[in-house]
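A quick write-up on the structure given underneath.
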Amino acid sequence: MKTLTHLICEKRSYQREFASHHHEFGQFLFPLQGSLDIKTKWQEINLNSEHCFYLPPKLEHDYRSMDRNEFLILDIPSTYLPEHTENMHLQLDNQWSAIRYLLLEEAKSQDNPSALANLARYVVSKLQTSNPASNDYIHNHFKEPITLDTLAKIEHYHPVYYSSWFKKRTGKSVKNYITELRMNEAKTLLVSTSWSISRISEEVGFENSSSFTRWFRNSEGVAPQKYRILKNG
């Protein structure tokens with residue numbers, strides 16, 4: 001197992017044949033050219049220019065690239081990391097693209113270790129506050145039907161593993177998590193709008209108001225209209 005005592009930020013390329021290893025440090029991979037196939041016990045990813053990927057310490061993984069490739073790699077000693085981190089497949093949005101640019105500049109110069117250290121600490125802090133892509137999907141689509149398969153595919157997990165992974169991360173099952181979001185939205189609309197029960201039921205994803213009313217009463221002990229009256233006085 002490879003160990004690391006200092007930060008490393010550099011460009012690397014990978015071979016066509018699968019290699020396998022794990023290491024004591026964390027690692028960020030930012031695609032610059034081409035793509036990289038990464039396999040873990042529960043995950044298979046083709047890492048391309050639209051995403052970046054974080055590998056935590058001690059995670060066994062296979063990797064290869066089938067095309068011409070170049071990646072910006074940040075190896076992070078465990079001293080920079082919290083006790084437990086998990087692998088994250090992240091959309092390369094404006095913030096992560098800016099981070100990649102800054103890391104590229106540091107990789108070119110290599111003359112300011114303190115700047116790289118500060119940047120690495122920022123990367124780690126952002127990692128801890130970043131939501132998995134499937135979590136963002138749930139918050140954007142909870143009013144619509146969402147399948148476990150859809151969420152698992154977003155994270156490149158097997159559905160069975162995704163269920164346990166999600167519950168470990170949030171403390172709730174996928175079903176309960178979505179139900180809570182829908183209920184909170186329904187309560188907000190009941191109190192803050194004069195919308196009809198029918199319109200609110202449609203807004204939070206029910207086909208008809210009777211199903212919504214039954215669901216709401218079973219959860220809260222009162223019908224939606226009664227809840228509105230009680231909360232609005």
Side-chain angles (χ1 to χ4, degrees), residues 40-54 84-99 125-233:
T40 68
K41 182 177 181 180
W42 295 104
Q43 199 170 31
E44 291 188 16
I45 288 173
N46 178 256
L47 183 61
N48 56 37
S49 59
E50 297 179 357
H51 295 82
C52 57
F53 192 66
Y54 170 72
H84 297 290
T85 55
E86 60 182 22
N87 46 311
M88 294 271 296
H89 185 232
L90 299 160
Q91 184 76 35
L92 201 62
D93 58 16
N94 289 338
Q95 286 187 318
W96 282 110
S97 293
I99 288 171
S125 69
K126 182 165 174 56
L127 174 68
Q128 292 177 272
T129 58
S130 292
N131 282 326
S134 62
N135 192 275
D136 287 338
Y137 183 89
I138 289 172
H139 280 260
N140 290 329
H141 298 272
F142 69 87
K143 300 174 187 179
E144 309 162 15
I146 300 176
T147 67
L148 185 62
D149 281 349
T150 295
L151 298 174
K153 285 178 181 177
I154 290 172
E155 301 295 345
H156 304 272
Y157 283 135
H158 187 282
V160 174
Y161 179 78
Y162 179 84
S163 293
S164 60
W165 172 82
F166 187 90
K167 188 167 186 178
K168 182 179 178 181
R169 185 177 182 86
T170 65
K172 302 180 181 74
S173 69
V174 173
K175 181 180 179 180
N176 288 343
Y177 191 90
I178 294 173
T179 296
E180 187 174 298
L181 288 176
R182 297 172 83 189
M183 180 59 72
N184 289 340
E185 180 71 4
K187 288 178 178 178
T188 298
L189 294 173
L190 285 166
V191 174
S192 64
T193 74
S194 58
W195 290 2
S196 67
I197 301 301
S198 179
R199 182 176 178 184
I200 291 173
S201 67
E202 184 178 345
E203 178 67 18
V204 296
F206 284 84
E207 292 184 359
N208 56 70
S209 58
S210 59
S211 296
F212 168 71
T213 297
R214 184 166 54 253
W215 169 75
F216 194 97
R217 184 188 288 114
N218 287 340
S219 176
E220 299 302 309
V222 295
Q225 189 62 43
K226 181 68 171 178
Y227 179 88
R228 169 178 273 168
I229 293 170
L230 290 171
K231 290 298 181 180
N232 288 333

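FYI, the numbering just counts along the sequence from 1. All of these numbers come straight from a predicted model, not from anything done at the bench.
Judged as a side chain to side chain donor-acceptor pair (under 3.5 Å), the pairs with a partner in residues 218-233 (not counting sequence neighbours) are, in order, K187-E220. Counting only residues at least two apart or on different chains, the side chain to side chain donor-acceptor pair (under 3.5 Å) pairs with a member in residues 167-177 are E86-R169, N135-Y177, H139-Y177, S173-N176. Within the structure, the side chain to side chain donor-acceptor pair (under 3.5 Å) test picks out the following pairs touching residues 200-211 (sequence neighbours left out): K143-E203, N208-S210, N208-S211.
Applying the side chain to side chain contact (heavy atoms under 4.5 Å, CB included) rule to T40 yields the partners Q43, L59, H61; only residues at least two apart in sequence or on another chain are considered. In this view, H51 and L47, N48, H89, Q91 satisfy the side chain to side chain contact (heavy atoms under 4.5 Å, CB included) rule, not counting sequence neighbours. Remark: E144 engages H141 in a side chain to side chain donor-acceptor pair (under 3.5 Å) (not counting sequence neighbours). Take W42 and apply the ring-ring contact (aromatic ring centres under 6.0 Å, His included) test, not counting sequence neighbours, and it matches Y161. Residues satisfying the side chain to side chain donor-acceptor pair (under 3.5 Å) criterion with S192, sequence neighbours excluded, are absent altogether. Not counting sequence neighbours, S194 has no partner by the side chain to side chain contact (heavy atoms under 4.5 Å, CB included) test. Under the side chain to side chain donor-acceptor pair (under 3.5 Å) criterion, T85 pairs with Y54, sequence neighbours left out. Partners of W215 by ring-ring contact (aromatic ring centres under 6.0 Å, His included), not counting sequence neighbours, listed by chain and number: F206, F212.
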Stepwise, does the side chain to side chain contact (heavy atoms under 4.5 Å, CB included) test hold for V174 with Y162?
CA-CA 9 Å; V174 173; Y162 179 84; 3.8 Å; yes
Does the side chain to side chain contact (heavy atoms under 4.5 Å, CB included) test come out yes or no for S134 and Y157, once each step is laid out?
CA-CA 11 Å; S134 62; Y157 283 135; over 6 Å; no
If you apply the rule side chain to side chain contact (heavy atoms under 4.5 Å, CB included), what do you find for F166 with I138, and how did you get there?
CA-CA 12 Å; F166 187 90; I138 289 172; 3.7 Å; yes
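Taking CG of N94 as the reference point, atom CD1 of I99 lies at 11.5 Å (rounded to 0.5 Å). In this structure, the separation between OG1 on T179 and CZ on F142 is 11.5 Å, given to the nearest 0.5 Å. We find the CZ-CD1 distance between F216 and I197 to be 8.0 Å, quoted to the nearest 0.5 Å.
Shortest non-hydrogen contact noted between A152 and P159 is CB-CA, 3.7 Å. Counting all heavy atoms, side chain and backbone alike, A133 lies closest to E155 at N-OE2, 3.1 Å. Of all non-hydrogen atoms in T213 and A223, the two that sit nearest each other are CG2-CB, 4.4 Å. Minimum interatomic distance between M88 and S130 (heavy atoms only, all atoms of both residues): CE-O, 3.5 Å.
With a 4.5 Å cut-off on side-chain heavy atoms, V204 and L181 do not count as touching. A heavy-atom distance below 4.5 Å is found between the side chains of T150 and Y137.
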